[in-house]
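Computed from a predicted model, the values in this text were never measured in an experiment. Values reported hereafter were calculated over all heavy atoms of this structure, with side chains retained and with hydrogens, waters and symmetry mates removed.
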Amino acid sequence: MTTVRTRIAPSPTGDPHVGTAYIALFNLCFARQHGGQFILRIEDTDQLRSTRESEQQIYDALRWLGIEWDEGPDVGGPHGPYRQSERGEIYKKYSDELVAKGHAFPCFCSAERLDEVRARQMANKETPRYDGHCVHIAAEEAQRRIAAGESHVVRMKVPSEGVCTVPDLLRGDVEIPWDRMDMQVLMKADGLPTYFLANVVDDHLMGITHVLRGEEWLPSAPKLIKLYEYFGWEQPRLVYMPLLRNPDKSKLSKRKNPTSITFYQRMGFLPEAMLNYLGRMGWSMPDEREKFTLAEMIEHFDIQRVSLGGPIFDMEKLSWLNGQWLRELPVEAFAAEVRKWAFNPEYLMKIAPHVQSRVETFSQIAPLASFFFAGGVPLDARLFEHKKLSAEQVRQLLQLILWKLEALRQWNKDNITAIIQKTSEHLGYKLRDAMPLIFPAITGQASSVSVLDAMEILGADLTRFRLRQAIELLGGVSKKENKEWEKLLAEIP
């Protein structure tokens with residue numbers, strides 16, 4: 001009997017996402033319920049955006065939740081390497097095999113030509129797709145151009161007629177017409193694979209038997225199925241999990257809901273409660289109880305109990321569930337969790353130097369430093385009234401700073417200061433014009449300890465969350481402003 005093997009394959013390109021934890025949890029439960037193995041693989045072929053810092057955050061966030069893996073980049077295993085960036089020669093071998101068999105071809109089209117084709121198709125109200133320009137180039141000519149150093153990608157051939165039947169364990173057979181599929185790029189010009197080739201090759205070589213992934217990947221499933229067919233490999237069983245949604249039913253996004261796992265850790269949620277809540281996303285225990293442990297979920301897990309309705313990720317419901325967990329802790333355990341969360345020596349030592357020089361009695365510490373131990377802070381719109389800037393300019397400056405901080409991967413005082421300074425200067429202001437707005441957003445006060453030091457200590461998640469809260473208090477950002485300001489953002493160094 002084949003051992004069940006599942007995997008999670010996150011990209012280390014940003015904060016560890018609750019959607020990643022949700023899919024990881026269901027893959028873990030499925031594997032453990034069947035006595036199988038769960039693998040962590042890192043999809044880091046996007047070299048511009050992938051970072052080791054982000055990779056480490058994925059490990060830390062999943063382990064904080066209690067999710068452990070049997071094989072992965074940090075624990076090893078018999079099917080490594082587990083980082084795609086270290087498997088380049090493997091992908092090249094299989095890409096060359098597809099070209100040799102006539103299932104893929106080198107494409108020499110420039111980005112400009114592809115843009116022109118796309119624009120023409122859209123003008124004619126056609127589905128934008130590759131037009132097959134290079135598909136008929138003779139193999140000898142293609143090899144000559146490659147040998148001459150001409151830039152190219154490798155594309156897969158796909159049928160233009162008929163339908164592909166996608167067997168989904170939740171939905172049954174799903175039929176998707178081939179005319180919706182593009183000739184997918186498999187190998188990029190930089191010699192690295194795209195998601196499609198790397199995914200199929202890795203899943204096969206790592207012995208993955210079941211793939212549980214988000215339903216946003218269902219429309220592109222025919223391309224993966226066709227690759228298995230081209231290689232002559234047995235494809236894994238497929239499960240397309242329903243997407244997490246905001247309370248307004250839109251796809252979960254950080255614009256409407258904090259999506260970083262570490263945000264919930266910093267806010268003071270228990271990992272057991274967070275995992276419990278993610279387990280309730282589209283799934284339920286046979287007795288419908290709301291509170292359960294990971295061990296209980298594994299014991300009773302049945303993939304057929306997954307509901308296809310988009311599960312709502314609601315912070316109020318999560319907070320309620322966390323409260324249930326907190327109240328059932330023995331008081332000694334409760335106190336221990338509080339110490340672990342923010343009253344531990346490491347965190348207190350970060351704060352102490354900034355507080356010590358500003359107090360005359362210990363009783364002044366709490367009013368001065370309470371924002372270090374909060375999630376959000378009380379905000380007063382009057383504190384954001386500016387001598388030089390209009391209300392719109394205030395919102396614009398805060399939003400642009402927030403966007404720049406969202407992209408910041410190395411979180412320290414110098415980098416934070418540089419972002420605030422460069423953003424202010426790009427808009428024609430000085431650093432001292434921005435700081436009176438940063439203080440109330442982060443601390444809830446007009447003045448406090450050094451707010452730049454405070455932002456470093458609080459960390460990326462709470463800092464960004466508080467800036468978002470301040471922007472919402474001041475009226476938020478309209479769709480028109482969002483579009484205009486994003487153009488400005490691209491110009492800021």
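Q121 and D131 form no side-chain donor-acceptor contact under 3.5 Å, judged by distance and modelled atom types alone. A donor-acceptor pair shorter than 3.5 Å cannot be found between the side chains of K291 and Q324.
In this view, F263 and F465 satisfy the ring pair (Phe, Tyr, Trp, His ring centres under 6.0 Å) rule, not counting sequence neighbours. Remark: Q410 engages E53 in a side chain to side chain donor-acceptor pair (under 3.5 Å) (not counting sequence neighbours). Every residue was checked against the salt bridge (charged side-chain N to carboxylate O under 4.0 Å, His left out) condition with D60, not counting sequence neighbours, and none meets it. Remark: E175 engages V163, T165 in a side-chain contact (heavy atoms from CB on, under 4.5 Å) (not counting sequence neighbours). Residues meeting the side-chain contact (heavy atoms from CB on, under 4.5 Å) test with E150, sequence neighbours left out: F108, R145. Residues passing the side chain to side chain donor-acceptor pair (under 3.5 Å) test with R120: none are found, sequence neighbours excluded. Residues that satisfy the side-chain contact (heavy atoms from CB on, under 4.5 Å) test with Q143, not counting sequence neighbours, are I146. Listed by chain and number, the residues in a salt bridge (charged side-chain N to carboxylate O under 4.0 Å, His left out) with D202 are R41, R87 (sequence neighbours excluded). For the salt bridge (charged side-chain N to carboxylate O under 4.0 Å, His left out) test, residues two or more places apart in sequence or in another chain that qualify with E86 are R52, R83. Residues that satisfy the side-chain contact (heavy atoms from CB on, under 4.5 Å) test with K480, not counting sequence neighbours, are S478, E484. Qualifying side chain to side chain donor-acceptor pair (under 3.5 Å) partners for S284, counting only residues two or more places apart in sequence or in other chains: R305.
Counting only distance, with no hydrogens or angles, the side chain of Y91 and the backbone of T194 share no donor-acceptor pair below 3.5 Å. N27 places a side-chain N or O within donor-acceptor distance of the main-chain N or O of L212, the cut-off being under 3.5 Å. Of the possible polar contacts, none joining the D70 side chain to the I39 backbone as a donor-acceptor pair under 3.5 Å is found.
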Under 3.5 Å, sequence neighbours excluded: what are the donor-acceptor pairs made by side chains of residues 153-161?
residue	atom	partner	partner atom	Å
R155	NH1	M183	O	2.9
K157	NZ	G102	O	3.1

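At a threshold of 4.0 Å, the pair R32-E68 does not count as salt-bridged, since none of the basic side-chain nitrogens sits closer than that to a carboxylate oxygen.
Between Y240 and the choices R213, E216, E215, the side-chain hydrogen bond (donor to acceptor under 3.5 Å, both in side chains) rule is met once, by R213.
Residues D168 and V239 come closest through the heavy atom pair OD1-CA, 3.5 Å.
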(request) May I have the step-by-step check of ring pair (Phe, Tyr, Trp, His ring centres under 6.0 Å) for F38 and F30, ending in yes or no? (result) CA-CA 9 Å; F38 170 60; F30 188 90; over 10 Å; no

